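The basis for the numbers below is simple: all heavy atoms, side chains too, and nothing from hydrogens, waters or symmetry mates. From a predicted model like this one, the values you see are computed outputs, not experimental measurements.
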Amino acid sequence: MTAEVLFDAQPLLSRLEDASLPLCKQLDISFKNPGKELKFRPLEISDYQKGYIELLSQLTKVGVVTEDAFVKQFRAMKASGVHYVFVVEDMDKDLIVGNATLAVEYKMTHSTCLRGRIEDVVVHNDYRGKHLGVLLVETLTILGKELGCYKISLDCTPDMIPYYKKFGFLEGPQVFMCQRFSD
Ligand code: 16G
């Protein structure tokens with residue numbers, strides 16, 4: 001049985017050349033070769049069973065996510081066509097060990113444009129030091145550029161600023177403001 005995927009990654013990833021991913025190249029890691037027993041791929045509906053929610057809980061509060069709720073949200077993301085959620089799976093353990101999302105927004109400004117956001121970057125605590133964060137962030141950033149985004153942004157805590165600067169992110173003249181309506 002083939003797994004239900006969020007989107008078809010092949011035509012997207014085939015647009016990326018090694019030369020456009022300098023940090024990955026330097027670290028000898030790529031979406032084709034993410035590491036021993038590891039696979040870089042789009043989110044699949046069966047990832048709920050592979051520790052996906054537990055992984056996200058290492059980034060932030062996830063609350064209660066039943067499988068039904070996961071499937072409903074997966075289908076909504078799929079229908080939107082603008083959520084590129086990539087994961088890294090440990091094929092040996094059937095475990096999702098890395099995640100990042102490129103979300104693309106359509107705007108009327110800049111002669112009608114696309115704007116990207118990198119969201120929910122998380123690498124499993126037991127898989128640190130394998131450069132999976134670099135793989136996810138650099139690949140999704142360059143993918144956003146290839147898709148035609150005029151800019152890509154992300155939110156992060158102040159301690160993560162030096163990390164994201166490595167990929168070319170800068171603290172802009174604008175600040176991030178936020179109003180929370182629920183926890
Ligand atoms: C980080 C994430 C952001 C996520 C937030 C969760 C990156 C680059 N940034 O800022 O995407 O939404 O954490 O915080 O991955 P919250 O659950 O408190 O909103």
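- Within the 6.0 Å centre-distance limit, the rings of F7 and F86 are counted as a close aromatic pair.
- Although no hydrogens or angles enter the test, the distance criterion places a donor-acceptor pair under 3.5 Å between the side chain of Q58 and the main chain of N125.
- Two residues are said to be in side-chain contact when any heavy atoms from C-beta on lie closer than 4.5 Å; L21 and F31 meet this criterion.
- At a threshold of 4.5 Å between side-chain heavy atoms, the hydrophobic network of Ile, Leu, Val, Met, Phe, Trp and Tyr places L147 and Y106 in one connected group.
- When atom types are taken as modelled, the side chain of S80 and the backbone of V82 share a donor-acceptor pair closer than 3.5 angstrom.
- Side chain of N33 to backbone of S30: no donor-acceptor contact under 3.5 angstrom is found.
- The shortest non-hydrogen separation linking F169 to I152 is CE2-O, 3.5 Å.
- Taking the six-membered ring where the residue is Trp, Y127 and H124 present perpendicular rings, their angle passing 60° and hence far from 30°.
- Between the CG atom in L135 and the CG atom in L27 there is a gap of 10.0 Å [rounded to 0.5 Å].
- Counting non-hydrogen atoms of other residues, nucleotides and ligands closer than 6.0 Å to CG of D28 gives a total of 12 or fewer.
- Under the 4.5 Å side-chain heavy-atom criterion for grouping Ile, Leu, Val, Met, Phe, Trp and Tyr, L59 is not connected to F176 through any hydrophobic cluster.
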**OP:** Begin with the C-alpha distance, continue with both residues' side-chain angles, and end with the deciding distance and a verdict on side-chain contact (heavy atoms from CB on, under 4.5 Å) for D126 and V97.
**Re:** CA-CA 8 Å; D126 298 344; V97 300; over 6 Å; no
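- At most 12 non-hydrogen atoms from other residues, nucleotides or ligands lie less than 6.0 angstrom from CD of Q73.
- Nearest heavy-atom pair, S57 versus E54, reported as atom, atom and distance to 0.1 Å: OG-O, 2.5 Å.
- The hydrophobic clustering, which links ILVMFWY residues whose side-chain heavy atoms are closer than 4.5 Å, places V62 and Y52 together.
- In the hydrophobic clustering of ILVMFWY residues, with side-chain heavy atoms under 4.5 Å counting as a link, L140 and Y150 come out apart.
- Residues L13 and V5 fall into different hydrophobic clusters, defined by Ile, Leu, Val, Met, Phe, Trp and Tyr side chains chained together at heavy-atom separations under 4.5 Å.
- Of all non-hydrogen atoms in D90 and D92, the two that sit nearest each other are OD1-N, 2.9 Å.
- Using a 4.5 Å heavy-atom threshold, the side chains of Y164 and I118 count as separate.
- Here the CD-CG distance, from E146 to L16, works out to 6.0 Å after rounding to the nearest 0.5 Å.
- Not a single donor-acceptor pair under 3.5 Å links the side chain of R115 to the backbone N or O of K107.
- Note that CZ of F74 and CD of E44 are 7.5 Å apart. Values are rounded to the nearest 0.5 Å.
- Looking at heavy atoms from C-beta onward, V134 lies in side-chain contact with Y163 at the 4.5 angstrom threshold.
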Subject >> D47 and R41: CA distance, side-chain angles, deciding distance, side-chain contact (heavy atoms from CB on, under 4.5 Å) verdict >> reply: CA-CA 11 Å; D47 288 340; R41 60 164 175 79; 2.7 Å; yes
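- Atom OG of residue S153 and atom CD of residue Q174 lie 10.0 Å apart, to the nearest 0.5 angstrom.
- To the nearest 0.5 Å, the span separating CD on E4 from CG on L43 amounts to 10.0 Å.
- Contact detail for I45 and F70: the closest heavy-atom pair is O-CE2, 3.2 Å.
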Original post:
Going through the checks in order, is the salt bridge (Lys or Arg N to Asp or Glu O under 4.0 Å) test met by K25 and E138?
Top reply: CA-CA 10 Å; K25 197 163 184 248; E138 190 171 53; over 6 Å; no
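- Few gaps surround CD on E67; more than 12 heavy atoms of other groups in view lie less than 6.0 Å from it.
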Original post:
Would L136 and N99 satisfy side-chain contact (heavy atoms from CB on, under 4.5 Å), going step by step from the backbone distance to the final call?
Top reply: CA-CA 7 Å; L136 286 158; N99 178 80; 5.7 Å; no
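- Of all non-hydrogen atoms in C24 and T139, the two that sit nearest each other are SG-OG1, 4.5 Å.
- Side-chain contact annotation: R117 with T101, donor-acceptor N/O pair under 3.5 Å absent.
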Subject >> Residues V87, L55; criterion side-chain contact (heavy atoms from CB on, under 4.5 Å); working and verdict >> reply: CA-CA 10 Å; V87 299; L55 174 68; over 6 Å; no
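- Between L38 and L132, the closest side-chain pair of non-hydrogen atoms falls below 4.5 Å.
- How far NZ of K151 is from CD of E105: 9.5 Å, rounded to the nearest 0.5 Å.
- Side-chain N/O atoms of D159 and T157 include a donor and acceptor closer than 3.5 Å.
- The neighbour count for E37 CD, taken as heavy atoms of other residues, nucleotides or ligands under 6.0 Å away, is above 12.
- The two residues R128 and V123 make their nearest non-hydrogen contact at NH2-O, 2.8 Å.
- Counting heavy-atom neighbours within 6.0 Å of K50 NZ, excluding the residue itself, gives a total above 12.
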